[in-house]
Every structure is written in C-alpha cells, then in structure tokens.
Amino acid sequence: DVKVTQSSRYLVKRTGEKVFLECVQDMDHENMFWYRQDPGLGLRLIYFSYDVKMKEKGDIPEGYSVSREKKERFSLILESASTNQTSMYLCASSTGQGKRGSEKLFFGSGTQLSVL
Amino acid sequence: SQQGEEDPQALSIQEGENATMNCSYKTSINNLQWYRQNSGRGLVHLILIRSNEREKHSGRLRVTLDTSKKSSSLLITASRAADTASYFCLKAAGNKLTFGGGTRVLVKP
C-alpha cells in the first residue's frame, strides 16, 4: 500500500515563526500536493508539484512556499506564520501516469497546526 | 469557480439505513471522485466515475453521475457505525481539481 507520511500530527507555533511541514511518500509518485482544510471551506489546494524541483501554485499560495528537492519529499514552508494559517494541512500524492484528475490521490494523516 | 457543492452538509441515520449525498458542479467535468475522511484523519479514495459513465458500484457504495443535471450522488447501503465520516467529492475539469465542502455522516448504532 502507498504510504504518505506527514512528520507531525499536531504542531503549535508562535506568530512570526518559520514553519516547515514535511511529507514523504514511499511509492515513487510523480505528483505531490499540499492542501489545507478549514471548517465550512473544504479542502483548498496550496501548491502542487509534478516533478523534482518543479512546483506550481494552487488556489491559495499566499504566505506559503514549497520545496521538492527529492522525488519522495515535498515540504510546505510558512515563511512567517500568522494566526489565519491555523488549520489542518494535508499532503497527498498520485502516480502522475494518468491524465490529471483521473488518478486517485493518496493522503497523509494530516498535521493540525495552531499558530498562537 | 468550479465548486463541488455537496448536500446535505450533515446527515444522521440509524445503522442499517441507506445514506445518500449529492455533489453538484457548474461546468463540464472529465471525471468525479468520492473520498471518505474519518475524524481528524486524511482522506481515503472510494470511487471514481468518468464523465461517460452513469453508474458505478463498489461493495455497498453506489455512485451515479447525471451530466445533464451536473450532479453526482453517493449512496451507502445498509450503513454501519464504521461509515461515520465526512464524504467529499473531487471534480476534475481540465487541469483543475476542486473538492466539495463535504457531507458529515453520523450512523447511530
């Protein structure tokens, strides 16, 4: 089975801190995604990557950056955390061998980030 | 925007009953997927239906797609307490993937 592992289940940070959220997948998937999930707003795409060192903005990239130096690892960076970035962050991956949207996404368990 | 609107937002049923939830969209899609999310966890893929398909089954799950009405429904038959979760649709339109707001399902034993 595909495993997508997010480094932290819960994280508490202070306003202004630089925050790193790590995601690792073990199935050699090409595509990786970062979503945030907020009550009443569903899942919103922050960034995605179709290849190593490649990244594309999603719907809400402001205040975030990403890094994909290795195929299996996709990091989400909050350069200066703010209280409105308190949220559940979900990482996902897919094979990248099908047409976009035709593949199923494999999700990690999520990181609940609280910014105080 | 291409939003997957889902209804109802929440659903409470007794074990053994069927649960139906719907996902609507505004423009044409290539396919639509359904996912389940147990409380505070990641999403798990349930089923994918393509735009040229009308119905798909997987175990106790039945998904229909009505492109004329721009909507899809997910039916869970003979529900169990373990089906308690949130259910999301994910629509693919061109290169755009959009999740719906989800339906929270509570199955009471």
Side-chain angles (χ1 to χ4, degrees), chain A residues 1-11 21 23-25 27 29 31-50 54 56-60 87-96 98-114, chain B residues 1-10 21-53 56 58 61 63 65 72 74 85-104:
Chain A
D1 277 353
V2 175
K3 192 166 184 184
V4 179
T5 303
Q6 294 184 230
S7 53
S8 303
R9 186 77 185 89
Y10 299 97
L11 211 51
L21 301 182
C23 176
V24 177
Q25 49 93 4
M27 281 300 290
H29 281 179
N31 302 337
M32 295 189 76
F33 307 82
W34 275 107
Y35 288 89
R36 65 175 282 177
Q37 182 177 22
D38 301 285
L41 296 176
L43 282 83
R44 293 178 292 167
L45 181 63
I46 305 171
Y47 267 98
F48 59 96
S49 170
Y50 286 136
M54 177 275 178
E56 285 191 34
K57 293 179 180 179
D59 299 318
I60 51 163
S87 185
M88 168 71 90
Y89 290 87
L90 292 162
C91 175
S93 71
S94 67
T95 62
K99 190 175 178 180
R100 183 154 178 225
S102 66
E103 308 170 331
K104 63 182 183 180
L105 301 178
F106 295 85
F107 281 84
S109 295
T111 296
Q112 180 62 53
L113 173 67
S114 296
Chain B
S1 65
Q2 180 68 298
Q3 186 103 35
E5 301 299 332
E6 292 184 60
D7 75 272
Q9 288 190 334
M21 59 212 85
N22 305 294
C23 172
S24 63
Y25 53 92
K26 295 177 182 174
T27 59
S28 297
I29 58 171
N30 304 117
N31 60 63
L32 188 143
Q33 302 180 44
W34 285 92
Y35 287 80
R36 183 187 75 233
Q37 183 182 34
N38 291 94
S39 180
R41 310 301 291 183
L43 280 71
V44 175
H45 180 266
L46 295 176
I47 201 163
L48 181 152
I49 187 164
R50 302 187 191 284
S51 59
N52 60 355
E53 297 175 314
K56 284 190 85 167
S58 176
L61 305 179
V63 169
L65 180 65
S72 174
L74 170 66
S86 292
Y87 293 83
F88 295 87
C89 66
L90 172 63
K91 296 161 308 83
N95 283 328
K96 183 87 171 163
L97 300 180
T98 309
F99 277 96
T103 295
R104 294 189 313 278

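Below, chain A is the first sequence line, B the second, and so on; all start at residue 1.
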Applying salt bridge (Lys or Arg N to Asp or Glu O under 4.0 Å), can you list everything that pairs with A:Arg44, at least two apart in sequence or on another chain?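 A:Arg44 satisfies salt bridge (Lys or Arg N to Asp or Glu O under 4.0 Å) with A:Asp38 once adjacent residues are dropped.
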Identify the two heavy atoms, one from B:Gly40 and one from A:Met88, that lie closest to each other, and give their separation to 0.1 Å.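 Heavy-atom minimum between the residues: O-CE, 3.6 Å.
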Where B:Gln33 and A:Lys104 come nearest, the two heavy atoms and their spacing: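 Heavy atoms only, the tightest pair is OE1-CA, 3.5 Å.
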For the [atom1] atom of [X] and the [atom2] atom of [Y], what is their distance to the nearest 0.5 Å?
{"X": "B:Arg41", "Y": "A:Phe107", "atom1": "CZ", "atom2": "CZ", "value": "14.0 Å"}
{"X": "A:Leu90", "Y": "B:Phe99", "atom1": "CG", "atom2": "CZ", "value": "8.5 Å"}
{"X": "B:Thr98", "Y": "A:Leu45", "atom1": "OG1", "atom2": "CG", "value": "9.0 Å"}

Quick one: what part of [X] sits under 4.5 Å from any heavy atom of chain A, side chain, backbone, both or neither?
{"X": "B:Leu43", "value": "both"}
{"X": "B:Leu90", "value": "side chain"}
{"X": "B:Gln9", "value": "neither"}

For A:Leu43 and B:Phe88: C-alpha separation, side-chain torsions, deciding distance, then whether side-chain contact (heavy atoms from CB on, under 4.5 Å) applies. CA-CA 9 Å; A:Leu43 282 83; B:Phe88 295 87; 3.9 Å; yes
Between A:Glu103 and B:Asn31, is there a side-chain heavy-atom distance shorter than 4.5 Å?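 No, too far: nothing below the 4.5 Å cut-off.
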I'd like to check the side-chain contact (heavy atoms from CB on, under 4.5 Å) partners of A:Thr5; sequence neighbours left out, ordered by chain and number.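 Partners of A:Thr5 by the side-chain contact (heavy atoms from CB on, under 4.5 Å) criterion, ordered by chain and then number, come out as A:Lys3.
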A:Gln37 versus chain B, the contacting section by heavy-atom distance below 4.5 Å: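 It is the side chain, since no backbone atom gets that close.
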